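These notes are about the structure you will find just below.
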Amino acid sequence: MNQNYQVSTAPNRLAAMIDQILAAVPGVTVVVAQLAPNSDANVQSRINAYNSQIPGIVQARANAGKRVHMINMSSLNIGDLNDGLHPNDNGYQKMANAWLGGIQQVIANGWVTNLAFAGTYEIQCVSSGQALDVSGGSTANGAAVIQWPYNGGRNQLWNFIPTTNGYYQIKSANSGLNLNVTGGSASNGALVVQWPFGSGNNDQWLPSRNADGTYTFYNRNSGRVLDNPGGNTQAAQFLQWAANGGPNQKFNCIPR
């Protein structure tokens, strides 16, 4: 669109590419995004014309029983652009949120199979029966991750985002922030909070399935596990501790 290259045939070429993918991999799920905006009025006019064709292209294939889903990028505006064409940090965050929503939707549709921890989960501590909860529904960096009776709030729901070697980000459905050991500590007793995903490995966890079907979560940085030190006390903050097999270190992952 920016180079005004073969604009008139772009929708047909998109449709042909989707069909090629569907034919090559039967049963595949294809997620198609509309284009983000542009500060140049002429380019934006071309984008508008192109974007307007995508819903019909996607819907025609969905009507034929194909797993094709569209992501709308209308949440972005020219204030989210760095140079009139490419997004700034805020724009990329909006795009990521749109993609996440689309991926979660096709998972909810049952279009993605054999995917561990697909969807949104309550993480319930075995010893207390209470849920991992971001205190007060906060969306702030550093908010405490506590236990609280499950009430269905989004601050008690979590998404598992795979990284590598079986580890996951465990991301709050409310804030989009990750389960994190404060300060990258490797020590017993370091508190667990929510924080943006980084590069220190203290916000990655290995869900290890126990014989009783529960999970113990090992921190990638410290090798210690997610631990409830507070018994049945509401608002007790989770921390990390050396693994001991206790029920305060075991969790049920309940799809919600």
Side-chain angles (χ1 to χ4, degrees), residues 1-121 157 159-169 171 173 176 178 197 255-256:
M1 299 298 130
N2 194 55
Q3 296 176 0
N4 198 20
Y5 177 75
Q6 297 185 359
V7 171
S8 63
T9 61
N12 290 338
R13 287 185 286 116
L14 172 67
M17 182 171 65
I18 294 171
D19 290 340
Q20 182 180 357
I21 295 168
L22 294 172
V25 189
V28 70
T29 294
V30 180
V31 183
V32 184
Q34 292 178 313
L35 295 182
N38 191 286
S39 63
D40 184 291
N42 291 324
V43 176
Q44 185 60 49
S45 178
R46 296 193 283 270
I47 288 173
N48 290 342
Y50 175 74
N51 279 349
S52 71
Q53 298 298 307
I54 297 177
I57 291 170
V58 169
Q59 191 60 51
R61 283 143 185 85
N63 290 344
K66 304 299 183 181
R67 297 176 174 183
V68 186
H69 179 75
M70 189 193 81
I71 295 173
N72 188 315
M73 286 292 173
S74 62
S75 62
L76 278 78
N77 55 60
I78 59 173
D80 297 314
L81 303 178
N82 183 52
D83 56 4
L85 172 64
H86 301 96
N88 55 28
D89 286 349
N90 192 57
Y92 278 120
Q93 183 64 60
K94 286 185 177 181
M95 291 179 71
N97 290 340
W99 274 106
L100 177 61
I103 292 168
Q104 289 174 331
Q105 182 60 58
V106 298
I107 291 171
N109 291 348
W111 291 0
V112 180
T113 57
N114 300 321
L115 179 63
F117 297 109
T120 304
Y121 287 82
L157 299 176
N159 298 114
F160 289 76
I161 312 299
T163 56
T164 58
N165 298 325
Y167 285 86
Y168 291 81
Q169 301 174 52
K171 185 182 294 288
N178 290 282
F197 183 63
R256 296 294 188 182

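Just so you know, residue 1 is the first one in the sequence shown, and it goes up from there. Note that the coordinates shown come from a computational prediction; the quantities given were computed from them, not determined experimentally.
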Criterion side chain to side chain contact (heavy atoms under 4.5 Å, CB included) on Q104 and I107, from CA distance to verdict: CA-CA 5 Å; Q104 289 174 331; I107 291 171; 5.5 Å; no

Backbone N or O of [Y] within a donor-acceptor pair of the [X] side chain at under 3.5 Å?
| X | Y | value |
| --- | --- | --- |
| R61 | L22 | no |
| Q34 | N72 | no |
| D80 | N90 | no |
| S52 | A49 | yes |
| N88 | G79 | yes |
| Q169 | I161 | no |
| K94 | S75 | yes |

Hey, what do you get for [atom1] ([X]) to [atom2] ([Y]), rounding to the nearest 0.5 Å?
| X | Y | atom1 | atom2 | answer |
| --- | --- | --- | --- | --- |
| I71 | N97 | CD1 | CG | 11.0 Å |
| N82 | H86 | CG | NE2 | 9.0 Å |
| L14 | Q53 | CG | CD | 10.5 Å |
| I47 | L35 | CD1 | CG | 5.5 Å |
| I57 | M17 | CD1 | CE | 10.0 Å |
| S8 | R46 | OG | CZ | 11.5 Å |

Please give me the minimum heavy-atom distance between [X] and [Y], naming the atom from each residue.
| X | Y | value |
| --- | --- | --- |
| A33 | W99 | CB-CZ2, 3.5 Å |
| T120 | A173 | CG2-CB, 4.3 Å |
| I78 | N38 | CG2-O, 3.9 Å |
| K171 | G176 | NZ-O, 3.2 Å |
| Y92 | P87 | CE1-O, 3.2 Å |

Neighbour count >12 (heavy atoms, 6.0 Å) for atom CD, Q6: yes

CG (D83) with more than 12 external heavy atoms under 6.0 Å: yes

Audit row: M95, L76, side chain to side chain contact (heavy atoms under 4.5 Å, CB included) steps and yes/no: CA-CA 8 Å; M95 291 179 71; L76 278 78; 3.7 Å; yes

Side-chain heavy-atom pair H69, T29 within 4.5 angstrom cut-off: no

Geometric class of the Y121/F160 ring pair [parallel <30°, tilted 30-60°, perpendicular >60°]: perpendicular

Donor-acceptor side-chain pairing of Q44 and N48 below 3.5 angstrom: yes

Trace of the side chain to side chain contact (heavy atoms under 4.5 Å, CB included) decision for V106 with R67: CA-CA 8 Å; V106 298; R67 297 176 174 183; over 6 Å; no

Pair V7-Y50, side chain to side chain contact (heavy atoms under 4.5 Å, CB included): steps then yes or no: CA-CA 8 Å; V7 171; Y50 175 74; 5.9 Å; no

